[in-house]
> 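What follows is a structure written as structure tokens; I'll ask about it next.
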Amino acid sequence: MSRNAKITASGFYAPDRVIPNSWFNDLLGEDVDSWLRDNVQIFERRWCAENESTADLVEHACKDALQTSGLKPEDIDLLIVATDTPEYISPSTASVIQHRMGFKNAGTFDINTACAGFVTALDTGSKFIQADRQYNKVLVVGAYAMSKYLNLKDKKTVTLFADGAGAVILEATDDSDTGFLQSKLITKGEYYDYMGIYAGGTHCLVTPERIAAHEHQLQFVKKIPKEVNPEVWSDLIVDICHKSGISPDEVDHFFFTQININSIRETMDRLNLDFGKAATIMNYYGYTGSACIPMAFDRWMKAGKVKKGDYVLFIGSGGGLAFGIALFKM
């Protein structure tokens, strides 16, 4: 029989520290609250505590997913952590979590495709299950602690980015009518130098000069054309649905990268789709990068919005520029 991967549980974590828009009004000495509300519909976000880091976020999300699933740590065969704000450059954040959580039977690795990381990891974990019978339960986590890399004087970045983690558990199934259906990953590498953290690796080690220039922090170096996400997302949705033998309007839920609500609206409008099918959580959690898609998915799952038999599309994009899409039937 054919073997597939299905989503059986999800997990969520956001730090306790709430940063309202008014905090930035005081920090920057101007009204940014009105712009954030009107243009990106962010009202507040969560930031890590001073002693909280990416591994802490991942650990909480993993615990929530395990509790939801009823699984034990020793049941997990593989842990994949998607993040571009890792605990260390080396070793992987996933290895830290394997030890903390007692995933004694799990292999581990990190994936970094920036904010497209979760969809990339979801694609990877599903194919591990499809290809190899020793992987039956795979835990996939998207995590983001970008507050650690923000320049508090940079209005373009400091007001948008936030912290959190989301997780899903993939399990093997022989039911050919459920689970992972299609995926696609693409990259537009010509945009690699438009946004990112351009110090800390072998190309640009952190030096006093780079610290003074804020190169060790997140930067928007060039403006990415606003039509890029809607164009690429629309094309990916049409392509993936066509390959699966369904139309886009048959998809029940869309989980997009949550950096700009207008990009989501434009994508849905281009395809003549009901905006109500698109999950949005940026209002109270800000932009959480590789964590935003699984965080939104978990909120919808726990609210009972996602039903058995629903078609669910995950669409991610991030620095690089990297894009990923994955279609599941619940």
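Given the structure is predicted, the values throughout are model-derived calculations rather than measurements.
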> Under a 3.5 Å cutoff, is there a donor and acceptor pairing between the side chains of T157 and D154?
yes

> May I ask you to say whether K226 pairs ionically with E266, meaning some side-chain N is under 4.0 Å from a carboxylate O?
no

> Is any side-chain N of the basic residue among R100 and E59 closer than 4.0 Å to the acidic one's carboxylate O?
yes

> Less than 3.5 Å apart, any donor N or O on the side chain of H253 or D310 sitting next to an acceptor on the other?
yes

> Let's go through D239 and K184 carefully: what are the C-alpha distance in whole Å and the side-chain angles of both, what is the deciding distance for salt bridge (charged side-chain N to carboxylate O under 4.0 Å, His left out) to 0.1 Å, and is it a yes or a no?
CA-CA 9 Å; D239 180 57; K184 187 172 184 178; 3.5 Å; yes

> Check the side chains of N229 and S263 for a donor-acceptor pair under 3.5 angstrom, ignoring hydrogens and angles.
no

> Does L273 belong to the same Ile/Leu/Val/Met/Phe/Trp/Tyr cluster as V232, with side-chain heavy atoms less than 4.5 Å apart forming each link?
yes

> Using the side-chain hydrogen bond (donor to acceptor under 3.5 Å, both in side chains) criterion, which residues pair with Q41? Sequence neighbours excluded.
none

> Before giving the answer on side chain to side chain contact (heavy atoms under 4.5 Å, CB included), spell out for R3 and R133 the whole-Å C-alpha distance, their side-chain angles and the decisive distance to 0.1 Å.
CA-CA 9 Å; R3 178 178 166 87; R133 287 191 172 271; 3.4 Å; yes

> Checking side-chain polar atoms at under 3.5 Å, does N4 have a donor or acceptor matched by the opposite partner on Q130?
yes

> Indicate whether the side chain of T93 and that of T54 have a donor and an acceptor atom separated by less than 3.5 Å.
no

> Would you say S247 and E250 are linked by a side-chain donor-acceptor pair, where the criterion is simply a distance under 3.5 Å?
yes

> Could you label the plane-to-plane angle of the F118 and F314 rings as parallel, tilted or perpendicular, counting under 30° as parallel and over 60° as perpendicular?
perpendicular

> Distance check, rounded to the nearest 0.5 Å: K329 atom NZ versus Y311 atom OH?
4.0 Å

> What's the separation between atom CG in L139 and atom CD1 in I169, rounded to the nearest 0.5 Å?
5.5 Å

> Determine, stepwise, if the pair Y285 / F12 fulfils ring-ring contact (aromatic ring centres under 6.0 Å, His included).
CA-CA 12 Å; Y285 295 104; F12 175 97; 5.4 Å; yes

> How far apart are the closest heavy atoms of Y144 and A162, and which atoms are they?
CD2-O, 3.2 Å

> Taking the side chain as C-beta and beyond, is there a heavy-atom pair between L57 and E52 under 4.5 Å?
yes

> Apply ring pair (Phe, Tyr, Trp, His ring centres under 6.0 Å) to H60 and list each qualifying residue two or more places apart in sequence or on a separate chain.
Y13

> Does a donor on one side chain sit under 3.5 Å from an acceptor on the other, for D175 and T178?
no

> Please enumerate all residues that pass side chain to side chain contact (heavy atoms under 4.5 Å, CB included) together with A106, with sequence neighbours excluded.
I76, F103

